There are 2 protein chains.
Amino acid sequence: MSEAPVLDLASLRRGCAFCSLQQLCLPAGINAQELQRLDEIVRRSRPVERGERLYRLGDPLTAVYVARDGAFKTISISEEGEEQVLGFHLPGELIGLDALGAGAHRCEAVALATSNVCEVPFNQLASVAAQLPSLQQQLLKVIGKSVDRDQDHLGMLVRRQAGERIALFLHGLSERYRNIGHSPTQFKLPMSREDIARYLGLALETVSRGFTRLQEDGVIEVVGRRIDIRDIAELDRLAHSAENDEPRRRGRA
Amino acid sequence: MSEAPVLDLASLRRGCAFCSLQQLCLPAGINAQELQRLDEIVRRSRPVERGERLYRLGDPLTAVYVARDGAFKTISISEEGEEQVLGFHLPGELIGLDALGAGAHRCEAVALATSNVCEVPFNQLASVAAQLPSLQQQLLKVIGKSVDRDQDHLGMLVRRQAGERIALFLHGLSERYRNIGHSPTQFKLPMSREDIARYLGLALETVSRGFTRLQEDGVIEVVGRRIDIRDIAELDRLAHSAENDEPRRRGRA
DNA sequence: CGCGACGTTGATCGGAATCAAGGAGTGTGG
DNA sequence: CCACACTCCTTGATTCCGATCAACGTCGCG
């Protein structure tokens, strides 16, 4: 609608060139001139409030999105109206690729916290990408990373032990926080236990017990949504091997 | 290795223009001239035998693949050496996207049956796509469909009832066979019970029992790997709702 | 024919779902 | 400032589904 060609300082400063996520996001690997072409099509509107949706089931593909801060979940709604969590999206991670196949969204993207979002109109992105090989390359790479996250998610769900899934989940989150420059050992979960449960295919009580168990074993410290990973090596081990060695412990190892 | 510029009749006939999967694969929506550009970079080598691999864990991204017939599975190997099945690939479905993110394959693609495969060198594909907007568009769409299949897979794994997962699995396969012009109700599974189990996060015995149960309930007919879906509506219902209505039945409905 | 891979079926056991209750944190209004 | 309501999280008791162990059946092939 309002395509203001007026470049004031404030909006420039909010552009890709100043963004801390630059190296992870679409701009990675493209030069300053090219960056401007990209920047021109990116829309940065008011913050999205917790609970708001970027798009709904069935909406036509109009744009892809990247959060600059905050977090999102993507959910699909089953016939009976119960929701499955298909993914969590931290800053810098592309949102909206679920519409690439059919041209319409097959899930909904819900803000887990108030977030500033970059909206990239898809058609324009595609045509600019066709002209800038390095952007095309980066677009494919970013899509690929999204595929990788889906496969990591599969890797959790295919595990049969709840403890393994939970350990993998925390381990993966830790990695992702590290990537965006946050502490990999201390962070605040943006999602509820129920969201985690619906992401991991578990009952929420099981998630809660899993956290408690990890805390009892000295692997993490958890207070509500605050997580502090104390023994990342052990978390790693639990995530991968069977975790059945220690029958049960009270204190630390 | 052997880049024969000689276009004999046989190899032309094997090209995209003659392929029955044309409308589902990369050529969809592109015109005859453009098709030739694509065709020139596609390599069609000898059939891949059952058990052979298109690529292995860690291999650099050199190409993406599409089977013209036969079938593949993609697997990831856990630390302990046990394999997880990340996906099954029927004819026309792109294989090899797992390397887009990191530039190297994070899983292995194994032939489930002898298959004829089209190999599309990735760099050439990307550069041709940049020149042909309709190919770029189609490439993104095909990638999107692959993402959709991953999400369908997630949708199975997140279910907590084994019966639901199995019903969803058969239902999804049926759809995919329909798409490629096979009978959606009668087909031969290209994979073993163990593969299905590792795909669904179940024990192979549970898969076997699930099939038996569906047969007892008159939903399918199953003999070894031959499947005949008798009541697709019921299969659909089982896949989506809770399946807990009928406590137990002996004969047919 | 006999071997080996694959599939089915049965019996038992354990882990996670479910049901149920209570506690902790947050925000609102009296 | 506190009472209240609400959401979110934890913990406990019980039940049940699916993993596991084990044995047998079947098919394809040398």
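Here is the naming used below: chain letters follow the sequence lines, and residue numbers restart at 1 for every chain. Bear in mind that the values here come from a model prediction, so they are computed numbers and not experimental data. In what follows, every heavy atom counts, from backbone to side chain, and hydrogens, waters and symmetry copies are set aside.
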In this structure, is the centre-to-centre distance between the rings of B:H182 and B:Y177 below 6.0 Å?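 Centroid distance B:Y177-B:H182: below 6.0 Å, so yes.
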
Quickly work out the B:R213 CZ to D:dG18 P distance and round it to whole Å.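 So the CZ-P distance, B:R213 to D:dG18, works out to 10 Å.
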
What is the distance, to the nearest angstrom, from the CD atom on A:E205 to the P atom on C:dA16?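 Atom CD in A:E205 sits about 13 Å away from atom P in C:dA16.
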
Given DNA chain D, 5'-ward residue of the pair A:R160 and A:M191, judged by closest heavy atom: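 Mapping each residue to its closest nucleotide by heavy atoms, the 5'-most match is A:M191.
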
Could a donor-acceptor pair under 3.5 angstrom be found where the side chain of B:R209 meets the base of D:dT20?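 By the distance-only test, yes, there is a pair.
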
From CG of A:L202 over to C1' of D:dC17, roughly how many Å is that when rounded to an integer?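 For the pair A:L202 CG and D:dC17 C1', the rounded distance is 15 Å.
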
Quick one: B:R225 CZ to D:dT26 P, roughly how many Å, whole number?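 About 18 Å, once rounded to whole Å.
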
Starting at CZ of A:R193 and ending at P of D:dT10, how long is that distance when rounded to a whole Å?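 Roughly 4 Å, once rounded to whole Å.
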
Using whole Å, report how far CD of A:Q161 lies from C1' of D:dC17.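 So the CD-C1' distance, A:Q161 to D:dC17, works out to 14 Å.
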
Please give, in whole Å, the distance from C:dT8 P to B:E221 CD?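 The answer, rounded to whole Å, is 13 Å.
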
Which part of the nucleic acid, if any, lies within contact of B:S192, taking any heavy atom under 4.0 Å across all strands shown: a base, the sugar-phosphate backbone alone, or nothing?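 Since only primed, P, OP1 and OP2 atoms lie under 4.0 Å of B:S192, the category is sugar-phosphate.
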
Under 4.0 Å between any heavy atoms, over every strand shown, what does B:R50 touch: base, sugar-phosphate, or nothing? Just pick one.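 Result for B:R50 = sugar-phosphate.
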
